[in-house]
Amino acid sequence: MSEMKTNTASAMTMEELKEFKGRSMAQETWRRLLKNKGAIVGMIFMILLVVIACAGDIIYDYETDVIGFSADLSQGPSLKHPFGTDQMGRDVFARVIYGARYSLIIGVGSVALGLVVGLILGSLAGFYGGFMDQLVMRANDILYAIPNIMLAVVIVQLIGTSVFSLVVALSISSATSFAKITRASVMTIQGQEYIESAYAMGLPTWKIILRHVIPNCLSPIIVQVTLAIGSNIISASSLSFLGVGVPTPMPEWGTMLSDARQYIRSAPWMCIFPGLAIMFTVLALNLLGDGLRDALDPKLKR
């Protein structure tokens, strides 16, 4: 009986092994990601947020940047206004929905721009080494020594307060992180056999970097992307709260908090709901990032 159980267990193990070998890396990553409840919650929240932000006009048809002189000035939450109204009679729920557009555009745009720059610089530094590595890394260290908010404030003041200037300012801090991660990943795979085979086949260096080096460095970079988006959303809201981010009357979450801080005692809902929007968005991105890190970690294959 014990031998039969052992044979059955070994047979099941072989079947599982064959099934594992039959999956692609994307399929295996997705399967493992679905086992992480926190990552699923974060992913569902982000999907809903993107859908609501894109379909804001259909879901809730309220003007967000026009002062509404009516009897609804600074009214609390109700059926007509689920999140209440602000000091100018504007619906807070509609402004939170519209504010998601600005936060997502700034967060995703700054990370995308920083990712492109960081991938290029990190790949060159890690692949070539020597003078190129020293030049990129020393410039990276200089930028790291400057606080992100201070650097962003200087850039925004030079370019002007707008969504574009925030994207450019926050992309610099993102690029430094991506450059370091890419460099470290490139240095670990630079001496692999498939890289030497590509050289032996006569492929130019730029093709080797694009086809073989960067694709094999994507696992830690994908995780960093989700975490960086959340970090940049907080930074953008902080800059808007300080008055150097998205200008009023645009309903960006940080700008809404800045406008409502003087009413925090008399109309606390004006601060609570934009703050909760920031908190839950960043929390969802962090949960998704943690799940991706576990799903892409080769040491946790199961």
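Fair warning: this is a prediction, and the values are worked out from it, not measured in the lab.
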Legend entry - Atom pair CH2 (Trp253) and OG (Ser103), whose distance is rounded to the nearest 0.5 Å: 4.5 Å
Identify each donor-acceptor pair in which a side-chain atom of residues 108-119 lies under 3.5 Å from a protein atom, sequence neighbours left out, and give them as a table.
residue: Ser110; atom: OG; partner: Ile106; partner atom: O; Å: 2.7
residue: Ser110; atom: OG; partner: Gly107; partner atom: O; Å: 3.1
residue: Ser110; atom: OG; partner: Asn232; partner atom: ND2; Å: 2.7

Inset, instruction - May I ask whether Phe45 and Ile229 are part of the same hydrophobic cluster, defined by side-chain heavy atoms of I, L, V, M, F, W, Y residues being less than 4.5 angstrom apart, directly or through others? - result: yes
Inset, instruction - Look only at the side chain of Thr182 and the backbone of Ser123, and say whether a donor-acceptor pair between them is shorter than 3.5 Å. - result: no
Inset, instruction - Give the cluster check for Leu151 versus Val136: same hydrophobic cluster or not, with ILVMFWY residues linked at side-chain heavy-atom distances below 4.5 Å. - result: no
Inset, instruction - Not counting sequence neighbours, which residues clear side chain to side chain donor-acceptor pair (under 3.5 Å) with Ser165? List them please. - result: Ser162
Inset, instruction - Show the numbers, then the answer: is there a side-chain contact (heavy atoms from CB on, under 4.5 Å) between Arg261 and Met270? - result: CA-CA 8 Å; Arg261 57 185 170 180; Met270 292 169 56; over 6 Å; no
Legend entry - CD1 on Ile44 to CG on Leu287, rounded to 0.5 Å: 11.5 Å
Legend entry - Chi angles and distances behind the side-chain contact (heavy atoms from CB on, under 4.5 Å) call for Val244, Gln157: CA-CA 7 Å; Val244 292; Gln157 291 298 322; 3.1 Å; yes
Inset, instruction - Could you identify which residues cluster with Val154, counting Ile, Leu, Val, Met, Phe, Trp and Tyr as linked when any side-chain heavy atoms lie under 4.5 Å apart, either directly or through a chain of such contacts? - result: Leu158
Inset, instruction - Considering only Ile, Leu, Val, Met, Phe, Trp and Tyr, and joining two whenever side-chain heavy atoms are under 4.5 Å apart, list the other residues clustered with Phe131. - result: Leu135
Legend entry - Non-hydrogen atoms of Leu104 and Ala53 that approach each other most closely: CD1-CB, 4.3 Å
Legend entry - Considering all heavy atoms, the nearest Ser177-Gln224 contact: CB-NE2, 4.0 Å
Inset, instruction - Report yes or no: do Val153 and Ile159 belong to one cluster of Ile/Leu/Val/Met/Phe/Trp/Tyr joined by side chain heavy-atom distances under 4.5 Å? - result: no
Legend entry - Nearest-0.5 Å distance that lies between atom CH2 in Trp269 and atom CG in Asp86: 10.5 Å
Legend entry - With Tyr128 via side chain to side chain donor-acceptor pair (under 3.5 Å) - residues at least two apart: none
Inset, instruction - Could you note down all residue pairs passing side chain to side chain donor-acceptor pair (under 3.5 Å) where residues 271-283 supplies at least one of them, sequence neighbours left out? - result: none
Legend entry - Test salt bridge (Lys or Arg N to Asp or Glu O under 4.0 Å) applied to Asp259 - qualifying residues, sequence neighbours left out: none
Legend entry - Donor-acceptor under 3.5 Å (Ser171 side chain, Val168 main chain): yes
Inset, instruction - Taking all heavy atoms of Leu49 and all of Ala100, pick out the closest pair and write down the distance. - result: CD1-CB, 3.8 Å
Inset, instruction - Could you walk me through whether Arg95 and Met256 pass side-chain contact (heavy atoms from CB on, under 4.5 Å), step by step? - result: CA-CA 8 Å; Arg95 288 175 62 79; Met256 292 175 65; 3.7 Å; yes
Legend entry - ILVMFWY cluster, Ile146 and Leu239 together (side-chain gap under 4.5 Å): no
Inset, instruction - Give, for atom CG of Asp133 and atom CG of Leu124, the distance between the pair rounded to the nearest 0.5 Å. - result: 10.5 Å
Legend entry - Arg101 to Cys54 - nearest heavy-atom pair and separation: NH2-O, 3.9 Å
Legend entry - salt bridge (Lys or Arg N to Asp or Glu O under 4.0 Å) against Arg138, all qualifying residues, sequence neighbours excluded: Asp141
Legend entry - Smallest separation among heavy atoms of Ala169 and Val156, with atom names: CB-CG2, 4.1 Å
Inset, instruction - Could you list the residues that satisfy side-chain contact (heavy atoms from CB on, under 4.5 Å) with Ile264, not counting sequence neighbours? - result: Cys271
Legend entry - Which atom of Thr226 lies closest to which atom of Val223, heavy atoms considered: OG1-O, 2.7 Å
Legend entry - 4.5 Å side-chain heavy-atom contact, His81 and Phe93: no
Inset, instruction - Group every Ile, Leu, Val, Met, Phe, Trp and Tyr by side-chain heavy-atom contacts under 4.5 Å, then state whether Val50 and Leu288 land in the same group. - result: yes
Inset, instruction - For the pair Phe83 and Phe273, name the ring-plane relationship: parallel under 30°, tilted 30 to 60°, perpendicular over 60°. - result: parallel
Legend entry - Atom OH of Tyr144: over 12 foreign heavy atoms under 6.0 Å: yes
Inset, instruction - May I ask you to decide if Ser231's main-chain N or O and Ser235's side chain share a donor-acceptor pair within less than 3.5 Å? - result: yes
Legend entry - ring-ring contact (aromatic ring centres under 6.0 Å, His included) against Phe241, all qualifying residues, sequence neighbours excluded: none
Inset, instruction - With rounding to the nearest 0.5 Å, note down the distance linking CZ in Arg293 to CG in Leu227. - result: 8.0 Å
Inset, instruction - Apply side chain to side chain donor-acceptor pair (under 3.5 Å) to Ser240 and list each qualifying residue two or more places apart in sequence or on a separate chain. - result: Glu252
Inset, instruction - Output the distance between atom CG (Asn148) and atom CE (Met150), rounded to the nearest 0.5 Å. - result: 10.5 Å
Inset, instruction - Check the pair Leu285, Ile233 against side-chain contact (heavy atoms from CB on, under 4.5 Å), reporting the backbone distance first and the verdict last. - result: CA-CA 10 Å; Leu285 287 167; Ile233 287 176; 4.1 Å; yes
Inset, instruction - Only counting residues at least two apart or in another chain, list the ones meeting side-chain contact (heavy atoms from CB on, under 4.5 Å) with Asn36. - result: Ala39, Asp294
